[in-house]
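Because only heavy atoms are used, hydrogens play no part in the values below, and waters and symmetry mates are left out as well, while side chains stay in. Throughout, a chain's letter reflects where its sequence line sits, starting with A, and its residues are numbered from 1.
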Amino acid sequence: MSTNTDVAKIFNAMATILEIKGESGFKINATVKVARVLENLVEDIATIEDVTTISGIGKSSASKIKEFLESGEISSYEELRQSIPPGLLEVMRVQGLGPKKVRQLWQEADVVDIASLRTAIDTGKLDNLPRMGKKTIENIADALSFVESTSNRERLGIALPIAESILEELQKLPGITHSAIAGSIRRGKETIGDIDLLVSTTEPSLLAETFCELEGISKVFAHGETKCSIRLGSGMQVDLRIIDEEQFGAALLYFTGSKEHCILLREIAISQDKKLNEYRLEPADISATEEAIYKDLQLPWIPPEIREDRGERACKNTPNLLTINDIKADLHCHTTASDGHMSIEELATIAKARGYHTIAVTDHSQSQGQANGLKPDRLLKHIDAIHAVNETMDGITILAGSEVDILPDGTLDYDDELLAKLDIIVASPHAALSQSTEDATKRLLAAIEHPLVHIIGHPTGRIINKRKGLEPDMTTLIAAAVEHNTALEINANSYRLDLRDIHIRAAAEAGAMLSMNTDSHRPEDFEQLRYGILTARRGWLEASRCINCMEHDVLQTWLVRN
DNA sequence: GCCGTTTTCGGCCCGACTGTTTTCAGTCG
């Protein structure tokens with residue numbers, strides 16, 4: 001919800017300003033925590049009667065939130081904001097510049113924003129400041145150029161293959177005993193800040209040297225005995241940790257994060273008179289595997305995707321999250337009939353090779369002119385063609401479907417008589433994706449309630465790092481999806497990952513069904529499935545709540561349920 | 001600022017690396 005995001009942004013900004021002003025770190029952490037809680041909240045904060053019932057939000061923050069909801073601003077934030085130059089928040093984004101240095105730059109060198117920082121460097125204004133040597137200024141200048149040229153976190157679909165290829169390269173070295181990708185990639189976050197690799201080896205110097213001399217490196221930040229850090233030409237930062245083999249589990253746990261989960265574990269350790277760090281759990285000196293550490297903390301092993309301090313502490317057993325092997329059907333794919341690059345036969349052959357029992361052909365509907373959407377007469381012929389191929393192929397059921405546009409007013413792009421001829425209907429929003437929350441909710445609600453619709457495809461229409469998409473009232477949509485037994489899609493394409501993790505979790509907990517689809521247009525698109533799986537797992541999804549995990553006949557029954 | 005089988009005060013996660021110092025502050029994850 002956008003209100004939640006708006007308020008979260010204010011709390012994040014407040015925290016940064018408090019840092020620059022040198023306030024207590026605990027107060028700052030508490031403020032950041034409020035922002036994080038709001039970011040992860042599915043319900044609109046305005047609909048919650050007493051926000052102090054939410055852990056992390058106390059009286060003081062509650063009154064600030066209330067003030068924002070009533071007046072659209074927070075007076076104490078406005079005061080804070082006026083106490084420092086607004087551009088300093090941007091300066092804080094420069095790597096290597098924290099609150100202390102930023103304050104020093106402001107007070108002693110008149111730096112008020114990115115532009116004046118650049119000027120200060122170029123005119124030598126920083127040269128005589130205390131603890132500001134040549135090397136430090138060089139590093140700031142370099143990091144500044146980086147901020148000026150780029151800003152976004154990279155998509156999981158970009159970062160994961162890069163991480164895999166670097167790790168593969170390092171694994172060729174002699175002496176390697178263990179290796180893993182850690183960090184937010186292992187947790188399956190939709191965007192990645194940097195790549196974390198862990199390796200244990202009998203030849204640490206060779207490993208570090210090779211890593212720091214990999215092809216395509218634009219900068220080496222650190223080249224230590226246990227930590228090396230580089231930036232690739234593409235802008236991604238890659239950190240390598242060189243780990244003692246017998247401490248691999250403790251390191252993997254620590255560097256997988258999230259930070260919040262690690263803090264949670266250390267707090268649990270302290271409450272049991274133990275101490276956890278990146279090397280071991282004391283006093284029992286447990287370090288070899290994650291499982292052993294969790295066990296000693298009296299917790300089940302927690303899957304990386306849910307290590308976010310969003311309630312995993314209460315797990316009595318390891319949650320049975322769905323895996324890629326649970327997927328037995330893909331219910332949203334395109335052929336050459338619209339904008340795909342595969343024939344019906346090709347699509348079915350690939351699906352069969354992946355071990356699926358069912359594949360749905362869901363080409364675009366008539367409004368999607370740019371995607372060669374099918375007019376009714378073409379759709380009728382396409383349905384016949386799909387059924388004909390289905391007759392000729394054994395071991396796979398090919399469904400004649402459509403990805404029907406949900407038009408801005410909530411009506412569908414074909415009339416009901418035509419829709420009734422289809423085996424499966426995925427209804428998706430494609431245009432008018434900047435509607436108000438109210439309009440978007442009405443629009444999607446109409447589709448969910450439509451008796452012929454099986455699945456709502458990429459419900460928000462967002463494109464990661466590019467387009468915000470719709471911001472419907474998700475609580476309302478989920479309730480309707482449960483009532484009408486309409487599945488909400490998890491579009492696995494790494495540009496979309498739509499629904500996103502927190503909404504998947506809310507939907508599954510409310511009893512809604514979800515549908516995991518690749519939206520494949522080309523053969524290689526089927527490989528996007530793993531990003532959808534990671535996202536679903538982040539949403540605590542179990543196979544029992546995903547229609548693509550149903551056995552053949554169960555799915556058939558589900559499709560004709562209405 | 002938040003929290004509480006240690007409840008209304010006292011505590012809040014932990015260590016590596018860099019650059020600048022000469023014993024450590026700042027930043028990062």
Side-chain angles (χ1 to χ4, degrees), chain A residues 11 14-15 18-20 22-37 51-65 76-77 80 91-105 126 128-140 142-143 182-187 192-198 208 212 219-230 237-243 247 250-251 253-282 297 309:
Chain A
F11 275 84
M14 281 197 287
L18 292 172
E19 273 192 295
I20 295 172
E23 290 278 347
S24 140
F26 301 116
K27 184 171 170 177
I28 292 158
N29 283 344
T31 310
V32 171
K33 185 163 186 184
V34 173
R36 200 173 59 81
V37 165
V51 297
T52 60
T53 54
I54 303 170
S55 175
I57 302 182
K59 262 189 179 172
S60 166
S61 297
S63 75
K64 291 189 179 82
I65 293 168
S76 57
Y77 168 60
L80 264 183
V91 178
M92 280 285 283
R93 288 185 48 229
V94 177
Q95 188 169 39
L97 289 184
K100 303 275 167 56
K101 280 218 171 71
V102 167
R103 187 159 51 150
Q104 183 191 17
L105 290 171
L126 308 186
N128 296 316
L129 294 184
R131 294 196 71 86
M132 192 70 76
K134 206 174 164 193
K135 190 77 187 157
T136 301
I137 294 172
E138 251 176 59
N139 285 340
I140 294 172
D142 180 75
S184 49
I185 296 184
R186 184 164 181 242
R187 302 202 312 282
I192 304 299
D194 52 31
I195 294 172
D196 288 296
L197 303 176
L198 304 190
C212 290
K219 173 148 179 100
V220 177
F221 293 111
H223 185 160
E225 283 181 16
T226 63
K227 177 187 168 177
C228 296
S229 188
I230 60 170
Q237 186 177 325
V238 188
D239 292 348
L240 170 72
R241 313 284 172 158
I242 302 172
I243 310 293
Q247 296 176 333
L253 183 58
Y254 180 83
F255 289 113
T256 296
S258 65
K259 188 177 168 188
E260 289 79 11
H261 182 77
C262 288
I263 291 173
L264 175 69
L265 293 185
R266 283 184 224 123
E267 284 171 356
I268 292 172
I270 289 168
S271 74
Q272 298 174 6
D273 290 324
K274 297 168 187 169
K275 191 178 132 173
L276 178 64
N277 60 26
E278 63 193 271
Y279 302 108
R280 64 186 65 81
L281 177 60
E282 293 168 351
L297 292 173
D309 189 14

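In this structure, B/dA25 forms a base pair with B/dT18, meeting either the Watson-Crick or the G-U wobble geometry with both donor-acceptor distances under 3.5 Å.
In this entry the distance linking CD1 of A/Ile263 with P of B/dC28 reads 16 Å, nearest Å. A/Leu253 places its CG atom 13 Å from the C1' atom of B/dC14, with the value rounded to the nearest Å. To the nearest angstrom, P of B/dT21 lies 12 Å from CG of A/Leu129. Rounded to an integer number of Å, the gap from CZ of A/Arg93 to C1' of B/dC28 is 16 Å. Counting to the nearest Å, the P atom of B/dA25 and the CZ atom of A/Arg103 are 15 Å from each other. The separation between A/Leu265 atom CG and B/dC12 atom C1' is 16 Å, rounded to whole Å.
OP1 or OP2 of B/dG29 sits under 4.0 Å from a side-chain N or O of A/Gln95.
Using a 4.0 Å heavy-atom criterion, one finds that A/Lys259 contacts the bases of the nucleic acid, with or without backbone contacts as well. Residue A/Pro99 is in sugar-phosphate contact alone, with no base atom involved, counting any heavy-atom pair closer than 4.0 Å across all strands shown.
The side chain to side chain donor-acceptor pair (under 3.5 Å) check on A/Arg241 picks up nothing, with sequence neighbours excluded. Partners of A/Asn277 by side chain to side chain donor-acceptor pair (under 3.5 Å), not counting sequence neighbours: none found. For A/Glu23, the salt bridge (charged side-chain N to carboxylate O under 4.0 Å, His left out) partners at least two apart in sequence or on another chain are A/Lys27.
Between A/Ser60 and A/Lys64, the side chains place a donor N or O and an acceptor N or O closer than 3.5 Å (distance only, hydrogens not considered).
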Using atom names, set out every protein N or O paired with an N or O of nucleotides 1-5 of chain B below 3.5 Å, distance rounded to 0.1 Å.
unit_1, atom_1, unit_2, atom_2, d
B/dC2, OP1, A/Gly58, N, 2.7
B/dC2, OP1, A/Ser61, N, 3.3
B/dC2, OP1, A/Ser61, OG, 2.7
B/dC2, OP2, A/Ser60, N, 3.3
B/dC3, OP1, A/Gly56, N, 2.6

Using nucleotides 16-19 of chain B, report all nitrogen or oxygen pairs with the protein that are shorter than 3.5 Å.
unit_1, atom_1, unit_2, atom_2, d
B/dA16, OP1, A/Tyr279, OH, 2.7
B/dA16, O3', A/Thr226, OG1, 3.2
B/dC17, OP1, A/Thr226, N, 3.2
B/dC17, OP1, A/Thr226, OG1, 2.7
B/dC17, OP1, A/Lys227, N, 3.2
B/dT18, OP1, A/His223, N, 3.0
B/dG19, OP1, A/Asn139, ND2, 3.1
B/dG19, O3', A/Thr136, OG1, 2.7
B/dG19, N2, A/Arg131, NH2, 2.5

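Note on residues 219-229 of chain A: no pairs pass salt bridge (charged side-chain N to carboxylate O under 4.0 Å, His left out), not counting sequence neighbours.
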